[in-house]
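Heads up: the structure comes next, in structure tokens.
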Amino acid sequence: TPFTANVSQSRMVMQISVSLMTHYDQLVIDNVVNNEDAIRAAINEALSETTEAEVMMPNFRQIIEERVRIRVNAMLERLEDFGGIESVLFTEFLVQ
């Protein structure tokens, strides 16, 4: 399901779909699946911090990817004692 978030202090809206990448074993995948609601909340929180100034930056997607990756790993570490997400891949990305 795509994520939709308002750009902070703006009329702009982002809609993205993501895939999470890990080089670790099935345990990381199971942890993501078992904690899907918490992971989705972490991603929504990370997206809600996006500002219009960031949207205009040339490396905007890398900024968002890093922010989402850090938040997802922090949530997994809190819930499962191990993160393991190495990359966030955007499969859809729209800013209006």
Side-chain angles (χ1 to χ4, degrees):
T1 306
F3 294 89
T4 303
N6 293 324
V7 175
S8 181
Q9 300 177 4
S10 173
R11 301 180 99 193
M12 300 174 86
V13 175
M14 284 188 300
Q15 184 174 29
I16 67 168
S17 294
V18 300
S19 290
L20 303 176
M21 187 172 85
T22 183
H23 287 101
Y24 292 97
D25 59 12
Q26 185 67 36
L27 179 61
V28 174
I29 296 167
D30 292 343
N31 288 344
V32 169
V33 170
N34 292 337
N35 296 289
E36 182 179 354
D37 289 339
I39 299 299
R40 290 187 64 80
I43 292 171
N44 278 323
E45 186 177 326
L47 293 177
S48 71
E49 295 174 358
T50 304
T51 65
E52 192 168 343
E54 287 176 328
V55 170
M56 301 304 165
M57 298 173 77
N59 63 339
F60 166 63
R61 288 184 183 203
Q62 288 98 1
I63 292 169
I64 300 301
E65 185 272 336
E66 181 70 7
R67 184 179 294 149
V68 169
R69 187 185 62 76
I70 289 169
R71 289 296 178 92
V72 169
N73 278 326
M75 182 61 74
L76 286 171
E77 288 168 9
R78 187 176 73 154
L79 298 171
E80 302 290 346
D81 295 325
F82 183 71
I85 301 302
E86 296 176 73
S87 294
V88 175
L89 307 172
F90 297 114
T91 57
E92 293 179 43
F93 202 105
L94 174 69
V95 179
Q96 292 182 325

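Remember, it's a predicted structure, so these values are computed and weren't measured experimentally. All heavy atoms count here, side chains included; hydrogens, waters and symmetry mates do not.
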Could you state whether Met21 and Phe3 fall into the same hydrophobic cluster, counting links through intermediate Ile, Leu, Val, Met, Phe, Trp or Tyr residues with side-chain heavy atoms under 4.5 angstrom apart? no

d(Leu27 CG, Thr22 OG1) to nearest 0.5 Å is 9.5 Å

Checking the side chain of Ser87 only, and the main-chain atoms of Leu89 only, is there a donor and an acceptor separated by less than 3.5 Å? no

Nearest heavy-atom contact between Val7 and Val13 is CG2-N, 4.3 Å

Which value, rounded to the nearest 0.5 Å, describes the distance between Asn35 atom CG and Met75 atom CE? 8.5 Å

Please give me the minimum heavy-atom distance between Ala5 and Leu47, naming the atom from each residue. CB-CB, 3.8 Å

As an exercise, state the distance from CG of Asn73 to CD of Glu80, rounded to the nearest 0.5 Å. 12.5 Å

Might you work through the side chain to side chain contact (heavy atoms under 4.5 Å, CB included) test for Val55 and Met12, ending with a clear yes or no? CA-CA 9 Å; Val55 170; Met12 300 174 86; 3.7 Å; yes

Should we say atom CZ of Arg78 is surrounded by more than 12 heavy atoms from elsewhere, each under 6.0 Å from it? no

Donor-acceptor contacts, no H, no angles, side chain residues 58-69, under 3.5 Å, sequence neighbours left out:
{"residue": "Glu65", "atom": "OE2", "partner": "Val88", "partner atom": "N", "Å": "3.0"}
{"residue": "Glu66", "atom": "OE1", "partner": "Arg69", "partner atom": "NE", "Å": "3.4"}
{"residue": "Glu66", "atom": "OE1", "partner": "Arg69", "partner atom": "NH2", "Å": "3.1"}
{"residue": "Glu66", "atom": "OE2", "partner": "Arg69", "partner atom": "NH2", "Å": "2.7"}
{"residue": "Arg67", "atom": "NH1", "partner": "Thr50", "partner atom": "OG1", "Å": "3.4"}
{"residue": "Arg67", "atom": "NH1", "partner": "Glu54", "partner atom": "OE1", "Å": "3.3"}
{"residue": "Arg67", "atom": "NH2", "partner": "Glu54", "partner atom": "OE1", "Å": "3.3"}
{"residue": "Arg67", "atom": "NH2", "partner": "Glu54", "partner atom": "OE2", "Å": "2.5"}

Pairs in or reaching into residues 1-10: which pass side-chain hydrogen bond (donor to acceptor under 3.5 Å, both in side chains), with residues at least two apart or in two chains? Ser10-Glu52

State, to 0.1 Å, how close Val95 and Phe93 come at their nearest heavy-atom pair, and which atoms those are. CG2-CE2, 3.6 Å

Where is the tightest heavy-atom contact between Leu76 and Val32, given as atom of each residue plus distance? CD1-CG2, 3.9 Å

Would you compute the distance between atom CG of Asn44 and atom CZ of Arg71 and round it to the nearest 0.5 angstrom? 11.5 Å

So if you build clusters from Ile, Leu, Val, Met, Phe, Trp, Tyr with side-chain heavy-atom gaps below 4.5 Å, do Phe90 and Ile70 land together? no

When you compare the side chain of Gln26 with that of Ile29, does any pair of heavy atoms fall below 4.5 Å? yes

Looking at Ile16 and Val18, what are the two nearest heavy atoms and their distance? CD1-CG1, 3.7 Å

Can you name the nearest heavy-atom pair linking Gly83 to Val28, along with the distance? O-CG1, 3.7 Å

